[in-house]
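One structure is given here, and the rest of the page talks about it.
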Amino acid sequence: MLDQIHLLAAVTVLGVLEQAYFFLQVIYARRAFGVSPPKISGPPEFERIFRAQVNSSEYFPIFLALLWQAGLFFHQGLAAALGLVYLYARYRYFVGYKASSSERLAPIYFGTGVLWILVAASALGILHFFLSHYMGLNILHLLKA
């Protein structure tokens, strides 16, 4: 079984490490700009870093759910590759937002596109499972015929 999930697990660990990096960036920004917890407002530079981290944290559970569903029901390799692309896009989003609020737009649109591909892969994989498991229809065999 582990050979069916090892790529997903590796991408998950990388995602957790990326989230930790974003958290650390907020801590460093708090120190640099003198914004003590629980305050969340301060100079625009701090607020952009804080928002980038919060936005990334909000999307992380969605990413994880889609990564694992696509990997388990569709194809582990494709899901893991898309996961790596998503994590890179999220990193570019964070770096862009840190520099300027307008620099975040292209990476967030790209990352959202990757999430939609994971949604499609998940839905197709789950649909194929239901059709083959409960109705005895193997879509792959029907498409080959």
Side-chain angles (χ1 to χ4, degrees), residues 1-30 32-33 35 37-38 40-42 44-145:
M1 175 173 159
L2 291 179
D3 61 329
Q4 297 172 351
I5 62 170
H6 66 285
L7 297 175
L8 302 174
V11 172
T12 299
V13 169
L14 287 174
V16 169
L17 291 173
E18 183 177 66
Q19 290 296 309
Y21 171 77
F22 296 159
F23 291 139
L24 287 173
Q25 293 303 302
V26 172
I27 291 170
Y28 299 148
R30 283 188 180 282
F33 297 109
V35 179
I40 58 171
S41 61
E45 297 85 0
F46 168 77
E47 290 182 7
R48 287 195 309 267
I49 293 168
F50 181 79
R51 284 304 317 155
Q53 181 270 317
V54 170
N55 290 345
S56 296
S57 294
E58 290 169 347
Y59 273 85
F60 194 61
I62 296 167
F63 163 69
L64 286 180
L66 292 173
L67 172 73
W68 280 86
Q69 287 175 12
L72 293 174
F73 288 97
F74 192 79
H75 190 275
Q76 177 189 203
L78 177 66
L82 288 169
L84 291 174
V85 171
Y86 175 80
L87 292 177
Y88 178 72
R90 187 49 72 166
Y91 175 78
R92 296 301 313 152
Y93 164 80
F94 188 88
V95 170
Y97 207 167
K98 187 176 177 181
S100 164
S101 61
S102 63
E103 298 280 326
R104 78 191 195 288
L105 296 176
I108 195 65
Y109 293 146
F110 184 75
T112 302
V114 173
L115 287 179
W116 280 110
I117 295 169
L118 286 170
V119 166
S122 299
L124 288 172
I126 293 168
L127 177 63
H128 177 263
F129 175 80
F130 281 135
L131 290 175
S132 64
H133 188 74
Y134 293 109
M135 300 182 77
L137 293 174
N138 190 331
I139 299 297
L140 298 177
H141 281 74
L142 294 174
L143 292 175
K144 289 180 184 177

Pair up each side-chain donor or acceptor in residues 59-81 with any protein partner under 3.5 Å, not counting sequence neighbours, and list the distances.
{"from": "Trp68", "atom 1": "NE1", "to": "Thr12", "atom 2": "OG1", "distance (Å)": "2.8"}
{"from": "His75", "atom 1": "ND1", "to": "Gly77", "atom 2": "N", "distance (Å)": "3.1"}
{"from": "His75", "atom 1": "ND1", "to": "Leu78", "atom 2": "N", "distance (Å)": "3.0"}
{"from": "Gln76", "atom 1": "OE1", "to": "Ile5", "atom 2": "N", "distance (Å)": "3.4"}
{"from": "Gln76", "atom 1": "OE1", "to": "His6", "atom 2": "N", "distance (Å)": "3.1"}
{"from": "Gln76", "atom 1": "OE1", "to": "Leu7", "atom 2": "N", "distance (Å)": "2.7"}
{"from": "Gln76", "atom 1": "NE2", "to": "Asp3", "atom 2": "O", "distance (Å)": "3.2"}
{"from": "Gln76", "atom 1": "NE2", "to": "Gln4", "atom 2": "O", "distance (Å)": "3.3"}

Please report, to 0.1 Å, the donor-acceptor pairs under 3.5 Å made by any side chain of residues 107-115, with sequence neighbours excluded.
{"from": "Thr112", "atom 1": "OG1", "to": "Ile108", "atom 2": "O", "distance (Å)": "2.7"}

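A distance of 11.5 Å separates OG in Ser122 from CH2 in Trp116, rounded to the nearest 0.5 Å. Here the straight-line distance linking atom CD of Glu47 with atom CZ of Phe33 works out to 10.5 Å at 0.5 Å rounding. Rounding to the nearest 0.5 Å gives a distance of 12.5 Å between CG of Leu84 and OH of Tyr88. Taken from CD1 in Ile117 to CG in Leu82, the straight-line distance is 6.0 Å, to the nearest 0.5 Å.
Side-chain contact annotation: Ser57 with Gln19, donor-acceptor N/O pair under 3.5 Å present.
Checked by atom type and distance alone, the side chain of Arg104 pairs as donor or acceptor with a backbone atom of Ser101 at under 3.5 Å.
For Arg30, the side chain to side chain contact (heavy atoms under 4.5 Å, CB included) partners are Val26, Val35, Pro37, Ile40, Phe46, Phe50, not counting sequence neighbours.
Considering Gln53, Glu103, Gln25 in turn, Gln25 is the only one that fulfils the side chain to side chain donor-acceptor pair (under 3.5 Å) rule with Lys98.
The minimum heavy-atom distance between Ser56 and Arg90, with the atom names listed, is OG-CD, 3.1 Å.
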Legend entry - Derivation of the side chain to side chain donor-acceptor pair (under 3.5 Å) call for Asn55 and Tyr93: CA-CA 10 Å; Asn55 290 345; Tyr93 164 80; 2.6 Å; yes
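Side-chain contact between Tyr91 and Glu18 is present, with at least one heavy-atom pair separated by less than 4.5 Å.
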